[in-house]
Asks: 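I'd like to ask you about the structure that follows.
These numbers were taken from a predicted model, which means no experiment stands behind them.
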Amino acid sequence: MDFKYDVIVIGAGHAGNEAACAAANMGSKTLLITMDMNKIGQMSCNPAVGGIAKGQIVREIDALGGQMGIVTDRSAIQFRMLNRSKGPAMWSPRSQSDRRKFIEEWIKTISNTPNLYIWQDTVLKLIIEDGTVTGVVTALGVEMKCKCVVLTAGTFLGGLMHIGKKQLTGGRISEPASYGITEQLKSLGFTSDRMKTGTPCRIDGRTIDFSKMSEQVGENDFHKFSFLDGVSRNQKQMSCWITYTNENTHNELRKGLEFSPLYNGQIQSIGPRYCPSIETKIITFADKTSHQLFLEPEGVDSNEFYLNGFSSSLPLHTQIKALQTIAGLENAQLYRPGYAIEYDFFDPTQLKHTLETKLIKNLFFAGQINGTTGYEEAGGQGLIAGINAHINCIGGAEFTLARDEAYIGVLIDDLVTKGVDEPYRMFTSRAEYRLLLRQDDADMRLTEKAFSIGLAKQDRYDQLIYKKIQQTELIDFLKNYSIKPTQINAFLLSINSAEIKHGCKLSDLVLRPQIGINDLAKAVPDLLEKLNEIPSRQEEIVESVEVVLKYEGYIVREKLIAEKLQRLEHIPINGRIDYNSILSLSTEARQKLTKIAPETIGQASRIPGISPSDVNILLVLLGR
């Protein structure tokens with residue numbers, strides 16, 4: 001066996017899997033190293049993919065030719081489009097997955113990807129020669145050579161779990177931690193720190209009284225994650241269930257706070273602000289008498305339920321007593337308690353936008369090692385790291401995404417420009433151009449870019465062209481078809497919409513908030529005939545056209561703003577100025593510009609602490 005590869009990916013989580021598949025699908029001989037081949041793509045926390053802004057990232061991964069959307073659709077046991085009551089920029093797909101099926105689909109995907117191989121082992125150290133990574137050494141004593149390494153260690157680097165005073169080493173419950181790499185990288189000059197995340201208990205569904213809870217069913221329409229026609233959601237659909245904590249719950253939790261690792265000094269690292277533990281909730285929101293909880297099924301053939309909203313590292317007996325005060329959980333039997341986990345991460349400002357490290361050539365970081373939290377954020381990073389690892393092997397222009405092109409672009413730019421002081425989670429509010437970054441048009445934004453580098457394949461590109469043609473033809477029809485008052489006023493009155501006094505184009509009626517294209521088709525036979533001429537994906541195309549027409553003015557305005565600001569992204573600055581010698585810059589600006597070494601004026605302008613005055617000084621120095 002020849003242990004020589006183009007790309008070696010360490011870790012088979014969500015980042016590692018995307019990185020490995022991307023590099024291999026683009027033509028690199030790729031090796032994926034994992035501690036356990038039976039847990040490839042393991043959902044360490046909740047059995048769900050997507051959500052606010054996260055769902056957009058998964059759509060982008062799919063549009064680029066990644067795998068997470070496909071795997072999620074094929075393992076989905078519930079699907080919902082969140083934020084329906086808001087505008088389309090906020091619509092976010094979310095899916096519950098069958099945990100075992102999710103792993104099975106990932107294993108099937110990886111096993112059938114050309115150029116991709118698997119090795120079950122633990123990497124102890126990297127081989128570095130003249131500032132370039134050239135291979136890895138494993139626990140089995142195997143030395144493997146390569147051109148690039150993508151490190152996606154998740155929570156396994158120095159992983160330490162907490163349940164009350166009980167501490168267990170490991171990257172996940174019952175799985176060993178990894179040691180050696182952090183120490184090696186720190187000795188090479190990398191900055192590392194610790195972060196904390198947590199997970200709730202898992203409950204035996206046979207001991208839950210669902211009659212005391214509210215049922216939350218999924219949606220069964222055309223929406224899914226993957227843009228590919230051949231991918232569908234065909235698993236048995238299951239419901240989630242809603243219940244609430246109460247004052248008795250909070251009192252039981254307070255009794256255990258003195259034993260809480262979060263509050264007795266046992267845990268010193270940074271925890272997630274936006275996914276707090278239940279003990280943090282009762283302190284931070286002391287005025288609240290209840291907190292909503294979701295019971296999420298782990299799979300079709302499983303009795304296991306995930307208690308979303310009840311993450312905890314309190315002692316086992318405290319968790320049980322508190323649970324027994326909650327409606328429907330009075331007799332709950334646990335499979336395992338909730339726990340917190342601390343792990344090593346590296347300051348992401350030590351990375352380029354390609355996710356290659358600045359200190360070591362051809363070494364890439366992706367996922368929680370960069371201070372992020374969430375499967376989706378990890379998958380997006382893994383995809384970009386895998387693409388650029390392949391490019392580094394064969395040569396070519398680096399592949400990056402701008403903030404107005406993708407949420408993945410926002411994510412990576414935030415990480416490498418601003419760094420993190422807590423686990424980073426994506427929100428729609430982080431994107432300046434979220435109307436341009438909708439979930440419905442991720443393929444329009446990204447598939448051609450991915451096709452040009454060889455990641456998105458011909459079938460995906462052909463489906464994009466089909467969608468563009470159908471969308472354009474329908475828009476043209478609506479903008480050119482004239483309708484008279486006598487033809488439409490009866491319909492308008494029937495839906496409590498104002499009559500028209502003069503003839504108008506159908507597109508003018510689509511602009512009305514309460515009118516959709518399918519509604520108009522019921523009253524305009526020619527439109528119905530036009531819709532019936534769309535051979536496939538009719539619902540998807542109609543929805544996308546509605547969004548484009550209803551929000552056209554806002555979309556155009558946002559594009560103009562993005563284009564103006566984009567000019568700063570084309571002014572290179574790295575290596576052109578000695579910041580410490582420019583006394584007209586603020587002290588903070590000199591320090592941060594030197595540390596982060598931005599590639600462009602645009603990136604420099606987004607560094608926290610860099611003022612508009614500092615940017616103007618840089619522009620003057622560059623003759624702008």
Side-chain angles (χ1 to χ4, degrees), residues 128 130-132 185-193 270 345-365 369-372 381 384-385 388 392 397-406 408-422 424 429-433 560-624:
I128 311 289
D130 298 323
T132 302
L185 291 175
K186 287 172 72 173
S187 73
L188 293 170
F190 284 88
T191 300
S192 175
D193 207 337
I270 312 160
F345 80 99
F346 290 85
D347 179 357
T349 62
Q350 300 170 105
L351 303 174
K352 303 175 184 178
H353 278 78
T354 59
L355 297 182
E356 182 183 14
T357 68
K358 295 174 181 177
L359 285 175
I360 303 296
K361 184 173 174 54
N362 291 344
L363 174 61
F364 295 80
F365 291 170
I369 192 174
N370 291 335
T372 61
Q381 293 173 70
I384 299 301
N388 284 294
N392 277 23
E398 63 184 30
F399 185 86
T400 59
L401 296 171
R403 296 181 72 90
D404 62 336
E405 290 180 313
I408 295 173
V410 175
L411 162 68
I412 292 175
D413 186 62
D414 278 353
L415 292 176
V416 304
T417 301
K418 302 175 182 178
V420 293
D421 56 9
E422 62 186 35
Y424 181 101
S429 59
R430 295 192 189 271
E432 308 94 305
Y433 313 112
L560 289 173
I561 294 171
E563 287 169 3
K564 286 181 180 179
L565 293 177
Q566 190 64 232
R567 296 169 192 166
L568 295 179
E569 305 298 334
H570 297 296
I571 304 176
I573 191 175
N574 194 10
R576 300 177 66 184
I577 296 176
D578 177 6
Y579 303 114
N580 287 319
S581 68
I582 311 301
L583 299 182
S584 52
L585 291 171
S586 68
T587 301
E588 182 180 10
R590 293 198 300 272
Q591 292 172 345
K592 290 190 172 179
L593 288 167
T594 299
K595 175 188 175 185
I596 294 173
E599 295 293 327
T600 66
I601 288 288
Q603 186 189 355
S605 71
R606 293 188 294 277
I607 298 173
I610 303 301
S611 68
S613 173
D614 294 322
V615 173
N616 285 333
I617 290 168
L618 295 175
L619 287 170
V620 169
L621 290 170
L622 294 172
R624 300 296 182 115

Asks: Look only at the side chain of Glu599 and the backbone of Asn574, and say whether a donor-acceptor pair between them is shorter than 3.5 Å.
Replies: no
Asks: Measure the shortest side-chain to side-chain distance between Leu621 and Arg576 over non-hydrogen atoms and say whether it is less than 4.5 angstrom.
Replies: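 No, side chains not in contact.
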Asks: Please name the pair of heavy atoms, one in Gln566 and one in Ala402, separated by the smallest distance, quoted to 0.1 Å.
Replies: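 That would be NE2-CB, 4.1 Å.
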Asks: Is there a side-chain contact between Thr349 and Ile607 (heavy atoms, below 4.5 Å)?
Replies: no
Asks: Below 4.5 Å, heavy atoms only, C-beta onward: do Val416 and Lys352 meet side chain to side chain?
Replies: no
Asks: Between the main-chain N or O of Leu585 and the side-chain N or O of Arg590, is there a donor-acceptor pair closer than 3.5 Å?
Replies: yes
Asks: Give me the atom names and distance for the closest heavy-atom approach of Val410 to Ala431.
Replies: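 Looking at all heavy atoms of both residues, the closest pair is CG2-CB, 4.1 Å.
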Asks: Side chains of Thr372 and Phe345, heavy atoms from C-beta outward: is any pair under 4.5 Å?
Replies: no
Asks: How many angstroms lie between atom OG1 of Thr587 and atom CG of Asn580, to the nearest 0.5 angstrom?
Replies: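 It comes to 10.0 Å.
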Asks: If you look at every heavy atom in Leu622 and Ile571, which pair is closest and at what distance?
Replies: CD1-CG2, 3.8 Å
Asks: Any chance you could lay out the side-chain contact (heavy atoms from CB on, under 4.5 Å) test for Asn392 and Thr354, step after step, and finish with the verdict?
Replies: CA-CA 10 Å; Asn392 277 23; Thr354 59; over 6 Å; no
Asks: A side-chain contact here means heavy atoms from C-beta on lying under 4.5 Å apart; do Leu593 and Ile577 qualify?
Replies: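 Not touching, per the 4.5 Å side-chain cut-off.
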Asks: For Gly602 versus Glu569, what's the shortest heavy-atom pair and its separation?
Replies: CA-OE2, 3.4 Å
Asks: From Leu188 CG over to Ile360 CD1, what is the distance, rounded to the nearest 0.5 angstrom?
Replies: 5.0 Å
Asks: Going by heavy atoms in the side chains, are Ile610 and Val615 under 4.5 Å from each other?
Replies: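 Side-chain contact under 4.5 Å: yes.
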Asks: Output, in order, the C-alpha distance, side-chain angles, deciding distance and verdict of side-chain contact (heavy atoms from CB on, under 4.5 Å) for Lys418 and Tyr424.
Replies: CA-CA 11 Å; Lys418 302 175 182 178; Tyr424 181 101; over 6 Å; no
Asks: Heavy-atom distance under 4.5 Å between the side chains of Leu619 and Ile601, does that happen here?
Replies: yes
Asks: For the side chain of Lys592 and the backbone of Pro608, is there at least one donor-acceptor N/O pair under 3.5 Å apart?
Replies: yes
Asks: CD/Gln350 to CG/Leu415 distance, rounded to the nearest 0.5 angstrom?
Replies: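 Output value for this atom pair is 12.5 Å.
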Asks: Mind checking whether Phe190 and Phe365 have parallel, tilted or perpendicular rings, split at 30° and 60°?
Replies: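 Rings of Phe190 and Phe365: tilted, 30 to 60°.
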Asks: At what distance, to the nearest 0.5 angstrom, does CZ of Arg606 lie from CG of Asp413?
Replies: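 The CG atom of Asp413 is 3.5 Å from CZ of Arg606, to the nearest 0.5 Å.
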Asks: Could you verify whether a donor N or O on one side chain and an acceptor N or O on the other, from Asn616 and Ser613, lie under 3.5 Å apart?
Replies: no
Asks: Which atom names give the shortest non-hydrogen contact between Asp614 and Ala589, and what distance separates them?
Replies: OD2-CB, 3.4 Å
Asks: Donor-acceptor pair, distance only, cut-off 3.5 Å: does the side chain of Asn388 make one with the backbone of Ile384?
Replies: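 Yes: the side chain of Asn388 pairs with the backbone of Ile384.
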Asks: Could you state the interatomic distance from CD1 (Ile128) to CG (Leu185), rounded to the nearest 0.5 Å?
Replies: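 Rounded to the nearest 0.5 Å, the CD1-CG separation comes out at 7.0 Å.
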Asks: What pair of heavy atoms forms the shortest contact from Asp347 to Gly419, and how long is it?
Replies: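 Minimum heavy-atom contact is OD1-CA, 4.2 Å.
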Asks: Could you grab the distance from atom OG1 of Thr600 to atom NE2 of His570, nearest 0.5 Å is fine?
Replies: 9.0 Å
Asks: Within a strict 4.5 Å, meaning less than it, do heavy atoms of the Thr417 and His353 side chains meet?
Replies: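 Counting from C-beta outward, Thr417 and His353 do come under 4.5 Å.
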Asks: So Gln603 and Ile596, side-chain contact (heavy atoms from CB on, under 4.5 Å) or not? Walk me through it.
Replies: CA-CA 10 Å; Gln603 186 189 355; Ile596 294 173; 4.0 Å; yes
Asks: Step by step, work out the salt bridge (charged side-chain N to carboxylate O under 4.0 Å, His left out) result for Arg403 and Glu432.
Replies: CA-CA 8 Å; Arg403 296 181 72 90; Glu432 308 94 305; 2.9 Å; yes
